[in-house]
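Remarks on the structure that follows.
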Amino acid sequence: MALGTMAMLGSTANAQKVAFEEFDLDNGLHVVLHQDNSAPVIITSVMYHVGAKDEQPNRTGFAHFFEHLLFEGTKNIERGEWFKIVTANGGNNNANTSDDRTYYYEVFPSNNLELAIWMESERLMHPVINQIGVDTQNEVVKEEKRLRIDNQPYGNIFKAIKQSLFKNHPYRWTTIGEMEHLDSATLDEFKAFNKKFYIPNNAVLVVAGQFDNAQAKEWIKKYFGAIPKGEPIKRQKFEEAPITSTINATWEDPNVQLPMTLAAYRTPSMKTKDARVLDMISSYLSDGKSSKLYKKMVDDKKVALQVGAFNNSQEDYGQYIIYSLPLGDVSSESLLKEIDEEIVNMQNNLISENDFQKLQNKFENNYVNSNSTVEGIAENLASYYLLYGDINLVNTEIDIYRSITREDIKEVAKKYLNPNQRLILNYGPAKEKTAK
């Protein structure tokens with residue numbers, strides 16, 4: 001598929017306009033329809049504007065917990081039946097949570113649109129939140145945390161970074177949260193969280209794929225229209241003071257043998273042009289074997305086993321992270337020195353025309369790929385509407401990337417990637433093992 005994509009890039013990057021229709025129900029639910037008749041498939045998805053940042057500091061993990069809990073069953077779908085119904089009708093479904101939002105979706109053969117719409121409306125209108133469901137999902141979430149984080153090498157990196165980069169903002173805790181918070185939460189607290197956030201006026205419903213437009217609207221109104229509007233959500237705004245001197249932190253992880261050196265910078269909201277420039281900068285520094293840091297540190301100087309940079313953009317702030325694993329006894333200071341040389345070079349000189357062209361091609365390709373599946377389009381439509389407040393970015397975000405110049409790259413590197421604006425984290429093996 002990649003070859004085909006590359007071949008058509010030149011001719012269709014401009015032509016791939018995503019057509020959609022949008023409207024609101026009286027209860028505030030925003031609805032987006034996108035027709036695509038290339039395959040007899042429909043995607044029904046709902047994105048709720050609730051994530052880890054909407055939790056209380058002593059009740060973290062709620063949004064992710066609800067991602068699991070809302071599959072437990074509804075008034076009309078018995079416990080344990082949700083997945084069976086989906087599978088029996090040739091579908092699949094999933095959900096995921098971030099610090100900013102929760103996303104549920106079903107993929108069905110197109111003759112199951114009514115079923116898909118009804119199921120998502122059931123989740124919103126008639127969720128069953130009881131002690132047995134809470135206890136069951138508590139175990140599921142604990143197992144997920146053990147598997148993905150606690151027993152995974154470098155599994156606590158985000159926790160270590162976030163608690164140092166953020167002092168005030170709820171981004172300072174992780175999406176999965178702390179298990180003792182879930183353990184000590186009462187059933188009434190879970191019910192209150194559901195009542196506050198899982199409401200039609202805090203969500204967007206996307207139907208994408210092969211369907212009859214009039215029929216889809218009829219079913220959406222029939223199943224979602226009767227759900228009462230929730231109380232408007234008052235969100236607190238959290239500001240962070242700028243970082244003006246290097247933060248140093250360490251983290252011990254019993255699952256690792258090699259120390260990892262990380263530099264992390266607090267960056268602006270993903271809605272800004274600067275956040276997109278930082279995407280390009282991370283690609284320039286570490287995307288692929290010809291990238292600056294990889295070529296220098298892994299191939300040429302052989303000081304690093306691995307090096308990478310990525311821009312974790314979010315609704316309010318982002319984190320720009322550069323990490324490296326040493327080869328042999330190379331010190332953390334030596335790795336940082338090599339990384340900083342490349343950053344300073346970028347701050348003082350324009351990147352080459354050739355490197356710039358490569359970046360532009362890569363981002364054109366990313367754009368085409370992100371809208372190359374109906375699932376991808378459905379999620380993009382939901383995200384751009386709910387998080388960016390501009391749904392048409394599904395068609396125009398590429399223009400922002402195209403407008404980025406070599407001068408922008410230099411200026412943004414100068415603005416955000418300075419030694420006094422960052423966290424240096426030494427994430428390494430536990431210092432000593434005590435006998436059991």
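Because the structure is a prediction, the values reported are computed rather than measured. Heads up: numbering here begins at 1 and tracks the sequence.
- Screening residues 408-420 for salt bridge (Lys or Arg N to Asp or Glu O under 4.0 Å) gives Lys273-Asp408, Asp274-Lys415, Glu411-Lys414 as the qualifying pairs, with residues at least two apart or on separate chains.
- Electrostatic pairing of Glu143 and Lys145 does not count as a salt bridge here, judged by no charged N lying under 4.0 Å from a carboxylate O.
- Partners of Glu407 according to the salt bridge (charged side-chain N to carboxylate O under 4.0 Å, His left out) rule, which considers only residues two or more places apart in sequence or in another chain, do not exist here.
- With respect to the salt-bridge test (charged N to carboxylate O, under 4.0 angstrom), the residues Glu72 and Arg79 qualify.
- Nearest heavy atoms, Ala309 versus Leu285: CB-CB, 4.3 Å.
- Under the 4.0 Å criterion applied to side-chain N and carboxylate O atoms, Glu379 and Arg101 are assigned as salt-bridge partners.
- The pair Lys53-Glu315 counts as a salt bridge, with a side-chain nitrogen and a carboxylate oxygen less than 4.0 angstrom apart.
- Not a single salt bridge (charged side-chain N to carboxylate O under 4.0 Å, His left out) links Lys196 to another residue, sequence neighbours left out.
- Applying the salt bridge (charged side-chain N to carboxylate O under 4.0 Å, His left out) criterion to Lys191, with sequence neighbours excluded, gives no partner residue.
- Under a 4.0 Å N-O distance rule, the pair Glu364/Arg402 qualifies as a salt bridge.
- Nearest heavy-atom pair, Gly133 versus Asn130, reported as atom, atom and distance to 0.1 Å: N-OD1, 2.9 Å.
- Evaluation of the salt bridge (charged side-chain N to carboxylate O under 4.0 Å, His left out) rule for Glu342 yields Lys296 as partners, not counting sequence neighbours.
- Using a 4.0 Å cut-off between charged side-chain N and carboxylate O, Arg123 and Glu106 make a salt bridge.
- No donor-acceptor contact under 3.5 angstrom links the side chains of Asn345 and Glu341, judged on distance only.
- Aromatic ring pairs are classed by plane angle as parallel below 30°, tilted from 30° to 60° and perpendicular above 60°; the pair Trp82 and Phe71 is perpendicular.
- The side chain to side chain donor-acceptor pair (under 3.5 Å) with Gln319 is formed by just one residue from the set Lys162, Gln314, Arg266; it is Gln314.
- For the residue pair Asn371/Asn380, the side-chain donor-acceptor check at 3.5 Å is satisfied.
- Between Phe197 and Phe193, the gap from one ring centroid to the other is short of 6.0 Å.
- The two residues Ser45 and Tyr105 have their closest heavy-atom pair at CB-CB, 3.6 Å.
- The stretch residues 41-60 participates, sequence neighbours left out, in these ring-ring contact (aromatic ring centres under 6.0 Å, His included) pairs: Tyr48-Tyr104, Tyr48-Tyr198.
- Taking 4.5 Å as the limit, some side-chain heavy atom of Leu115 sits within range of a side-chain heavy atom of Ile85.
- When ring centroids are compared, Tyr154 and Tyr427 come within the 6.0 Å threshold.
- Residues Tyr416 and Tyr265 place their aromatic rings such that the two centres sit no closer than 6.0 Å.
- Residues Phe166 and Gly318 share a closest heavy-atom pair of CZ-O, 4.4 Å.
- Two residues are said to be in side-chain contact when any heavy atoms from C-beta on lie closer than 4.5 Å; Leu69 and Phe62 fail this criterion.
- Judged purely by distance below 3.5 Å, without hydrogens or angles, the side chains of Asn392 and Asn395 pair a donor atom with an acceptor atom.
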